[in-house]
Amino acid sequence: MPNENICPLCSFDQISHETRLEKVSNHFGGHKEILLAYDTCQRCGTDGDFANKNGALIREAIDSLRVESVKTILQYFSDNKVNLAGMERALELPQRTLAKWKRGSPPPSAAGVALLRFLRLFPWLVDVANYNFDSEEGQQIHIKAAIDTLLTKINFKENQKTDNNLIPAIWVDSLCLETRPDGVSSLSFSTLLPEKEMEQVRLMVGKDQLKAMIDLLCENLNYYPVKD
Ligand SMILES: [Zn+2]
């Protein structure tokens, strides 16, 4: 039987006791400080938690933060007008499962908590479920969500920003440029999709306008390719 007053190594009974404040965190549930025991044998110097009390304290803190995190995530869904009933239908959860989880009776299983965390981070997973987990639809939903997120992170200089928010921004992976002997040039932008490369925009311009555009690009990027 582990005893905090007996050294587990040499069985000496003069043990010094100390407690240390440790932090347990959960990304969605916040954090909690707990006092953990540290015992040291005065003869051989062995140290640790001789009575094995810390494990239960840590588990208790983790469990209570998990309950908090479930409440926080479900409150976030409510605040953001996410339809919980629709979510339950898409994921084939029994009715009112999420409301019950929010009340904590019964609390979600570990698998349920993992599901909630994924939904909080990737809300579009519900759309994937609505398309019956179809692989192609799922990929398109994923790519669209990724591009939308990416676009919010790109900061353009004020003078390069367009004021028209209605213009859709598209993601471009490749550029194709062709010129005809009479100077008419074609410049096209394509996106690489899992199925194929898809041309998104094609511009027809005169060679001089094209050169002016390229000059503008070089100037802004401070990049002037060296000619052979
Ligand atoms: Zn000892």
Side-chain angles (χ1 to χ4, degrees), residues 1-80 82 84-85 87-88 90-129 133 135 138-139 141-143 145-146 148-150 152-153 155:
M1 191 69 186
N3 183 327
E4 62 186 345
N5 293 309
I6 305 285
C7 172
L9 196 67
C10 72
S11 298
F12 193 57
D13 63 358
Q14 286 183 31
I15 309 296
S16 69
H17 304 291
E18 202 189 314
T19 52
R20 291 183 209 161
L21 209 52
E22 300 272 347
K23 203 156 129 181
V24 180
S25 328
N26 176 305
H27 184 71
F28 298 111
H31 68 267
K32 239 187 159 129
E33 287 186 325
I34 46 175
L35 269 181
L36 297 182
Y38 283 89
D39 311 309
T40 310
C41 172
Q42 295 303 294
R43 184 160 72 188
C44 72
T46 294
D47 60 2
D49 167 23
F50 291 177
N52 292 336
K53 291 188 296 192
N54 293 347
L57 287 172
I58 294 170
R59 269 194 302 279
E60 192 186 308
I62 289 174
D63 286 349
S64 102
L65 288 177
R66 185 187 297 130
V67 169
E68 248 354 271
S69 77
V70 166
K71 283 185 189 161
T72 307
I73 291 171
L74 289 167
Q75 189 57 46
Y76 173 86
F77 289 151
S78 301
D79 293 346
N80 286 277
V82 175
L84 296 186
M87 199 180 251
E88 285 162 352
L91 300 167
E92 296 176 8
L93 296 172
Q95 276 184 25
R96 287 178 292 281
T97 300
L98 297 173
K100 286 177 188 164
W101 286 358
K102 196 174 173 187
R103 278 206 316 270
S105 60
S109 62
V113 175
L115 174 68
L116 280 180
R117 288 178 180 169
F118 279 121
L119 291 174
R120 170 65 181 81
L121 286 180
F122 309 117
W124 45 267
L125 286 173
V126 174
D127 298 333
V128 176
F133 298 93
S135 162
Q139 280 187 8
I141 291 166
H142 181 191
I143 291 167
D148 287 347
T149 308
L150 196 67
T152 63
K153 296 195 188 304
N155 291 312

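All values reported here derive from a predicted model rather than from experimental measurement. Note: hydrogens, waters and symmetry copies are ignored here, and every other heavy atom, side chains too, is used. Note that ligands are numbered from 1 as they come in the structure, with each ligand's atoms numbered from 1 the same way.
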Would you mind writing out the side-chain donor-acceptor pairs for residues 111-122 within the sub-3.5 Å range, not counting sequence neighbours?
none

Solution key, residues 96-105 side-chain donor-acceptor pairs under 3.5 Å, sequence neighbours excluded:
residue: Thr97; atom: OG1; partner: Pro94; partner atom: O; Å: 2.3
residue: Lys102; atom: NZ; partner: Gln75; partner atom: OE1; Å: 3.2
residue: Lys102; atom: NZ; partner: Ser78; partner atom: OG; Å: 3.3

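For the Zn ion (ligand 1), the set of protein N/O/S atoms nearer than 2.8 Å consists of Cys7 SG, Cys10 SG, Cys41 SG, Cys44 SG, ordered by chain and number.
Counting non-hydrogen atoms of other residues, nucleotides and ligands closer than 6.0 Å to CD of Glu4 gives a total above 12.
To the nearest 0.5 angstrom, Glu18 atom CD is 11.0 Å from Leu35 atom CG.
The side-chain hydrogen bond (donor to acceptor under 3.5 Å, both in side chains) contacts involving residues 34-44 comprise Ser16-Gln42, His17-Asp39, where partners must be two or more places apart or lie in separate chains.
For the pair Phe77 and Asp79, the minimum side-chain heavy-atom distance is 4.5 Å or more.
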